[in-house]
Number of protein chains: 2
Amino acid sequence: MIDKLEFLLALAREKHFGRAADACGVTQPTLSAGVKQMEETFGVLLVNRGSRFQSFTAEGERVLDWARRIVGDTRAMRQEVHALKHGLAGRLRLAAIPTALAMVETLTTPFRARHPEVQFTILSRTSIEILTQLDNLEIDAGLTYLDNEPLGRVTAIPLYTERYRLLVATDAPLGDRTSVTWAEVAKVPLCLLTPDMQNRRIIEQLLRDTGADPHITLESDSMILLYSHVRTGRWASVMPARLASTLGLMDSKMLRAIPIVEPEATHTIGLVAPAREPMTPLTAALVMEARRVAPLLSD
Amino acid sequence: MIDKLEFLLALAREKHFGRAADACGVTQPTLSAGVKQMEETFGVLLVNRGSRFQSFTAEGERVLDWARRIVGDTRAMRQEVHALKHGLAGRLRLAAIPTALAMVETLTTPFRARHPEVQFTILSRTSIEILTQLDNLEIDAGLTYLDNEPLGRVTAIPLYTERYRLLVATDAPLGDRTSVTWAEVAKVPLCLLTPDMQNRRIIEQLLRDTGADPHITLESDSMILLYSHVRTGRWASVMPARLASTLGLMDSKMLRAIPIVEPEATHTIGLVAPAREPMTPLTAALVMEARRVAPLLSD
DNA sequence: CCGGTTTAATAGGTTTTTTCTATCATACGA
DNA sequence: TCGTATGATAGAAAAAACCTATTAAACCGG
């Protein structure tokens, strides 16, 4: 039964019988049969199919909701029993927005010191992807904006506030300033994250609020790529202060991270975990670590 | 997997492999194998066995907790999907303390008018049994005291307050009074519920508070039996006012239900359902009915 | 201390269920 | 219209679940 519910979850995220079957480590006929069997026991169609996967029926969506809960609880149970016997162990699957990637370390380092048997998988994802994957049990927790877009059913622990800096080569325009305004930033060629990133949307909004038409001449989903382009002196970028200092840019002679004012915008970044009671032991431990670390990060 | 969890739940309430197997509709070796298999997949012993069932291990108790939740959610899922397709149907399993049995009708009658496909099973149980069976998913809801002993993790909907009456034959001692005190009640031969019933403990406490040593010369777990003994005129009993009126005693010339004062004690009786979110559709509907009915029952 | 009883584990065999491979039917796109 | 992608179906093989019968161990009353 629980295996069948996992089939349904896989189908929900892959929207494709074959790929869902792969994800579950079974063949496509096995998954098809599993779904069909659930439909027979419930006496209700769960999936609208034409010649391919189309969508879930209303009943299917409800079952999906329950499946998320039941599968999640089952995993939590396994993990908890294992932790009782062998201590906290296993793999924590995290996802973070690109601008938060550099600070994940402030969470993972003390966590690992406390629980050496725990392994991590950390992915760079958009804020929307983080929330979806959280819902679908694909990750255990995420690091994303808490105050900008609706979060859904999650537990949120604020970690720090993002303040924005103009990242620019020392010898480039504006490179010698101690502070700049958003209006000034809008006039220089910028490289930013791609528009599917919330950070990009935030910054673009701030730029447009000045009435200007910003020149975003390069975009990427990688902060490293942006960073390397700024080093050429031909682009500037905007990034959170904490990210800039973590990267050690403050020490560099070539690059500067200049506070951007008017307005001095801030956004809260924090840990989000599924709002389940009780949480899996690993997630609970991570949340506890986040609460411990948060005061050390506040400005 | 879920079947195995059901095995564990059955074992928890039967404390006996053979009886648990019977309850699950399988043979004893099947249940034994199921439990052993769980122990192997978890890598942990769940049950302490000597030559017979002894107890659950710490890990076993945790798994049991999860099992209650997961099995409950699975049933709720089935029920919900069925309700989506065919409307609210199925069997609602209730338990009520004996003194509340006569008023269950005020809940079931309007409920059945609204949902004709729903069937009921209603058992007479002690307040403690009700809470245990609620935990073990053996019943969907119960009717019991809300204000006297600790309830645990339940949703409680107050329905009415119990006030006490001396049930006595018209020609017996005290039979002609318009009100009596607890001290007077303590002096006549009484028949009451057995001491495992909370109602008995409440009344005995009230009697002892007067300093007297009450004569409880007959006890039973059946209100009907008590009632038939009072009719002989050789015993009196104490019962809630609402029960007395529901039984139509007020109309009878032979029996009277006389208010007991000093003090005029009251206890709240209500519906209790597992504090699960979301509830099964049947339980949710019953809770809604209880909320609807409650104002009509208040004095 | 000794047979009888209760209780759960084990062995062996049967049935049921699950899963796989291979193939087919259908729709979609170029 | 033909090639491709997708999911259903059929049939066989493998795995599992389950049952009956039996055994081993503890408990109990005399």
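Just so it is clear: chains get the letters A, B, ... in the order the sequence lines come, proteins before strands, and each one is counted from 1. Please read all numbers here as calculations on a predicted model, not as lab measurements.
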For DNA chain D, which nucleotides open and close the run of contacts to chain A, 5' to 3', at under 4.0 angstrom from a non-hydrogen atom? D:dT6 to D:dT9

Could you tell me whether A:Lys4 contacts a base, only the sugar-phosphate backbone, or nothing, with contacts defined as non-hydrogen atoms closer than 4.0 Å? sugar-phosphate

For DNA chain C, determine which residues of residues 25-38 of chain B have any heavy atom closer than 4.0 angstrom to one of its atoms, and list them numerically.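 Contacts with DNA chain C under 4.0 Å: B:Gln28, B:Pro29, B:Ser32, B:Lys36.
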
In whole angstrom, what separates A:Phe53's CZ from C:dA27's P? 18 Å

Could you check how far CE of A:Met1 sits from P of C:dT17, rounded to whole Å? 15 Å

Between the first and last five pairs of the helix from C:dC1-D:dG30 to C:dA30-D:dT1, the angle of the axes, rounded to 10 degrees: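 If I round to tens, the end axes sit 30° apart.
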
Might you confirm whether atom CZ of A:Arg153 has over 12 heavy atoms from other residues, nucleotides or ligands at distances under 6.0 Å? no

Apply side chain to side chain contact (heavy atoms under 4.5 Å, CB included) to residues A:Phe53 and A:Glu14 and explain how you reach the verdict. CA-CA 10 Å; A:Phe53 176 89; A:Glu14 303 290 351; over 6 Å; no

[X] side chain vs [Y] backbone, donor-acceptor pair below 3.5 Å:
X	Y	value
A:Arg93	A:Thr121	no
B:Gln205	B:Ile202	no
A:Glu129	A:Thr126	yes

Can you list the steps and then say if B:Leu218 with B:Leu192 is a side chain to side chain contact (heavy atoms under 4.5 Å, CB included)? CA-CA 7 Å; B:Leu218 191 151; B:Leu192 292 178; over 6 Å; no

Please report the C-alpha distance between B:Ser55 and B:Asn48 in whole Å, then the side-chain angles of each, then the deciding distance to 0.1 Å, and finally whether the side chain to side chain donor-acceptor pair (under 3.5 Å) criterion is met. CA-CA 5 Å; B:Ser55 62; B:Asn48 294 315; 3.1 Å; yes

Using side chain to side chain donor-acceptor pair (under 3.5 Å), reason through B:Glu219 and B:Thr194 one step at a time and then give a plain yes or no. CA-CA 5 Å; B:Glu219 61 190 25; B:Thr194 47; over 6 Å; no

Any side-chain heavy atom of B:Leu11 sitting closer than 4.5 Å to one from B:Phe7?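 No, too far: nothing below the 4.5 Å cut-off.
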
Any side-chain N or O of A:Arg52 below 4.0 angstrom from OP1/OP2 of C:dC28?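 No, no such contact exists.
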
